[in-house]
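We name chains A, B, ... by the order of the sequence lines, and we start the count at 1 in each one. This structure is a prediction, so every number in the text was calculated from the model and none was measured.
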Amino acid sequence: MSSAPGPSLSQRAVSARAAPYLDELNPAQRAAVEALDGPVLMLAGAGTGKTKALTTRIAHLLNTGRARPNEILAVTFTNKAAREMKARIGRLLGEAVEGMPWLGTFHAICVKLLRRHAELAGLKSNFTILDTDDQIRLMKQLIQAENIDEKRWPARQLAGIIDHWKNRAWTPDKVPAAEAGAFNNRGTELYALYQARLKELNAVDFGDLLLHMVTIFQTHDDVLEQYRRWFRYILVDEYQDTNVAQYLWLRLLAGGHHNICCVGDDDQSIYGWRGAEVGNILRFEKDFPGAQVIRLEQNYRSTPHILAAASGVISANRDRLGKTLWTEADEGEKVRLIGHWDGEEEARWIGEEIESMQRGTRGMRPFSLDEIAILVRASHQMRAFEDRFLTIGLPYRVIGGPRFYERMEIRDAMAYFRLAVSPADDLAFERVVNTPKRGLGDKAQQKIQVAARAAGVSLVEGAKRLLADRGLSGKGAAELAKLLDGIDRWGRMAGEPEISHVELAEIILDESGYTAMWQNDKSPEAPGRLENLKELVKALEEFENLTGFLEHVSLIMDNEAEGEGEKVSVMTLHAAKGLEFPAVFLPGWEDGLFPSQRAMDESGLKGLEEERRLAYVGITRAGELATISFAGNRRVYGQWQSQLPSRFIDELPEEHVEVLTPPGLYGGGYGAAAPRGIEVAASRADVYNSPGWKRMQARAGERPVSQPRESRHSVIDLEAVAAYAVGERVFHQKFGYGAVTAIEGDKLEVEFEKAGSKKVVARFVTAADDIPF
DNA sequence: GGGCACGCGCGTATT
DNA sequence: GCGCGTGCCC
C-alpha cells in the first residue's frame, strides 16, 4: 500500500525519532496508532481514549516521516473538535510542527478546495457562503415567483428536501424518480432553479460545499489525482456521522492509496435524521477490502455498573458491529432509577438531590456543580429545570440554544458589515433595508426589486436608480437615500487605512441607527442584545479587516464564552455527545418522549434504534453516578398527559440498577402531589400496568431506600437581600424588568413587566439602573 | 405601514 | 402553553 515514497523521503528520516508517546497507550490504542498504512477502522467506544489515539496517530505519522503536516487530511464535524485535535497534536509534538492546514471540518476543508477550483463549479473564487436564513429567504422568493401557495408549501420544507438531497450527493439531474413527488411534484424543478439562482449570486450553501467538490472530483480526474497524491494519509473523526456526500468525498480521495483511518462508534450514531448513514461505518470493511478493524474497548470514564447498564440497553439493537466495554474502575454506585408524580416533581427532586450531592450524601463524595449535568431528550424539557433552579437559586448553564452568530442582532449587524464590504450583497440588503424601521415596507421594497431587475443590477444600485427617477417619495425616500449614502460612505471608509475596522463597525452600527433601535427598545431582551453587539465588535479586534472576519464567521459558529462560577449543565442528549460528567441526570424516560414518538412514527425500528443509541450516549456520559427518572404525568402542549415509563427502562439490567423510593408516591401520597384537573385514578392505573413500573415496585420492596429530607437554604445571602427594597426596579436575566413587591428570606417577590409575578433568589437580579444601557 | 389578533404547530442540530 | 406568522384593520 505504501508503495510510492514521496520526493523528500530521504530527508524525512527513515529512522523514526524516539516515540515516547507510544508508551502512554494501551495495546489497542497502540495498535491503532501503529497501523499507519492501508485502511483502518478504529471502533472506539465511549470513553476509550479515541481522541488520544487519533492525535497520537497523527503525531506518529509526522514523527516517522510518513507525511509532512500539509500532507495529512484530517476531518472532523465541528470546529470544536478540530481545535481540540490541533491543540493536542501540538502538545504531543512540543510545538515542533507548524499548523496542519488540512485539519478541519468537512466544510472548512471543502471551502479551501472549492475556492481553488470554483470555476469548475461555475463560480468565482470569492463566492459567498449562505447560511440557513439566507437559504430560506432565497427559496421563499423562488416559491413566490412560481406562484406556489406558500402556506401549503413552505420554504422551510423545500429547504429540508433540498438539504436532504444534497446530503445524498444528488444534483438536480440525479434526484431519483422515486423522489419526484416531493414538494407537490415540483421539488426537483425548484431545486434546479435554486441552484441556478445561487450561481447567479455567486453563492453556495453549506450542502453545496461538499456537493460541488464531489462533482468536481467525479468529473475532473486530473484534479482528483492531484489531491489523491497530495493527501498521503486521511483521518476521519466520528465516521458514524458521515452522510453520503461526505462518504463519497472520502472514498474518492482515498481511492488511490487507501491510507484512510476512520474513527467512530456505530453505537453512538445519533444523527440519522440529518442525513448521517450508520451504514457507512457498518460497511467499512466491504468498502475498503483488507481493512484492519481495531476495537478500543477499555473505558476510562465510567464505573462497571454504568457500563453494564449502557451495554444492557444497547444490546437490544440489531445492526451493530459489536463491542464490549470494560474498565478497571471500582464498582461504584449502581445506576439509580426513580419515578415521580409529574415533571415538576421530577425537577424539584433533582434540584434537591443536586443540593445534597454538593454536600455529599449517602456515603458519596461531594460533587461540584460543574461535575453535574442534566441531559434531556428535547429542549422543551429544560424549562421545568430552569424554572425550578431559578426558584431555589441553583446556578445552571444551558448548553446549546441559539448560537452567538445566529442571534438576530448579530446577523443584522453582520448584514450591515457585508453591505459595506460588498454593496451588491442583495440578501444582506434585504435583511436590513427596513431594520431599523425606515418606512420601507413591502411595496417600497418591491419597487426596488423591480428597478434592480429591470436594469440587471444589484438592489443597492437599483434603489439608487429608483430614487433618481423619483420612484419613491416622502419619509421612505429620505431614509433610503440616507441608507444608500451610508453604504457608500462605509465602503469608502473600509478602504481607508487610518480607520480601523473596529471603529468602522461602531460607526456603521451607529450611523445606520441600529444601536439606537435597541437602545429605544423596552423589551427585556434589548439589554442582552446590546451586550451581544458589544461582544461582536470586540470579536472583530482579532481580525485584520471586516472581510477576514466575515469569512471566518460564515464557517464558524462558536458559542464558547461562558460565565464564571460553578454551574450545573443542562443540555440535550445530542449536545452531550463527546462530553463527560461525573454525575448525570437523565430525566423524562417515558415512552413517547424518550423514545420519541415522532422518531418511531417516522422511522419505525430504525428510529427506535437511534433513540436507543441516544440512551446509550446518555448513560455513558456519566463517570460515577447516573440517575434515570420518569414522571407519571406530564404537561404536553399545555395538556396533562399520563405517561408510561420508557421501554428502555425495561432494558436496564436489574443487577446494575438501584430503585429509589419515589417520594411523591410512597411518602407524600397521591393527593398532595396531584396537579389539578387530571384524572388521578386513570394515570395511576396506566403507570401501574406498565412492566417497568411493576418491576420498579418489586425492587423497591426488596430494598427500601429512605429519602433524607434535609432542610435547604440554611445559608441566606443577607447581603444580596439587603440590597433591595420593596418597590425597587430590578432586572432578571430570564424574566426581564420588574418591581420588587415583597422580600422573604433570601428571596424577592417581583412583579415582572412581561413574565408576571415570580419569586426569585435575590442574587439572580440586579438593580435596574445597573444595566449598562 | 404598523399594530394587533387569531391560528397553527410544536425534534434532536452542525456547518 | 407559547411563539411565530399571517391577515386584517386603521
Could you tell me the separation between the [atom1] atom of [X] and the [atom2] atom of [N], rounded to a whole number of Å?
| X | N | atom1 | atom2 | result |
| --- | --- | --- | --- | --- |
| A/D163 | B/dT12 | CG | P | 17 Å |
| A/Q157 | B/dG9 | CD | C1' | 14 Å |
| A/F106 | B/dT15 | CZ | P | 13 Å |
| A/R83 | B/dT14 | CZ | P | 13 Å |
| A/R613 | B/dT12 | CZ | P | 18 Å |
| A/E238 | B/dT15 | CD | P | 12 Å |
| A/N243 | B/dA13 | CG | C1' | 14 Å |
| A/Y271 | B/dT12 | OH | P | 12 Å |

Does [X] reach a base, just sugar-phosphate, or nothing at all? Heavy atoms under 4.0 Å.
| X | value |
| --- | --- |
| A/T78 | sugar-phosphate |
| A/E602 | base |
| A/T132 | base |

Does [X] make a side-chain N or O approach to OP1 or OP2 of [N] shorter than 4.0 Å?
| X | N | value |
| --- | --- | --- |
| A/N79 | B/dT15 | yes |
| A/S379 | B/dT12 | yes |
| A/T572 | B/dA13 | yes |

According to side chain to side chain contact (heavy atoms under 4.5 Å, CB included), who are the partners of [X], at least two apart in sequence or on a separate chain?
| X | value |
| --- | --- |
| A/P101 | A/N70, A/K112 |
| A/T105 | A/T76, A/N79, A/H107, A/A108 |
| A/N243 | A/N167, A/A245, A/Q246 |
| A/D266 | A/L43, A/V278, A/I281, A/L282, A/R320, A/L321, A/K323 |

### Query
Taking only residues two or more places apart in sequence or in another chain, which ones pass salt bridge (Lys or Arg N to Asp or Glu O under 4.0 Å) with A/R431?
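With neighbours one apart ignored, the set is A/D133, A/D412.
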Side chain of [X] (C-beta onward), nearest among [options]:
| X | options | value |
| --- | --- | --- |
| A/K443 | B/dG11, B/dG1, B/dA13 | B/dG1 |
| A/S596 | B/dT15, B/dT12, B/dG11 | B/dG11 |
| A/K437 | B/dG2, B/dG1, B/dA13 | B/dG2 |
| A/R377 | B/dG1, B/dT15, B/dT12 | B/dT12 |

### Query
More 5' along DNA chain B: A/E610 or A/F77, using each one's nearest nucleotide?
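Per heavy-atom nearest nucleotide, the more 5' residue is A/E610.
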### Query
Mapping A/Q445 and A/L573 onto DNA chain B by nearest heavy atom, which one lands closer to the 5' end?
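Closest to the 5' end, via its nearest nucleotide, is A/Q445.
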### Query
Between A/E386 and A/R383, is there a side-chain N and carboxylate O pair less than 4.0 Å apart?
no
### Query
With the threshold set at 4.0 Å, does a side-chain nitrogen-carboxylate oxygen contact exist between A/D265 and A/K50?
no
### Task
Decide if atom NZ of A/K475 counts as having more than 12 heavy atoms of other residues, nucleotides or ligands within a radius under 6.0 Å.
yes
### Query
Who passes ring-ring contact (aromatic ring centres under 6.0 Å, His included) against A/F183, sequence neighbours left out?
A/W153
### Message
Each nucleotide in nucleotides 1-10 of chain C should get exactly one letter: B, S or -. Can you fill that in based on protein heavy atoms under 4.0 Å?
### Response
BS---S----
### Query
Which stems, defined as runs of 3 or more consecutive Watson-Crick or G-U wobble pairs with both pairing distances under 3.5 Å, involve DNA chain B?
B:1-10 with C:1-10
Can you give me every donor-acceptor pair (side chain of residues 599-606 of chain A, partner residue at least two apart or in another chain, under 3.5 Å) with its distance?
unit_1, atom_1, unit_2, atom_2, d
A/D601, OD1, A/Q597, NE2, 3.0
A/E602, OE2, A/R598, NE, 3.0

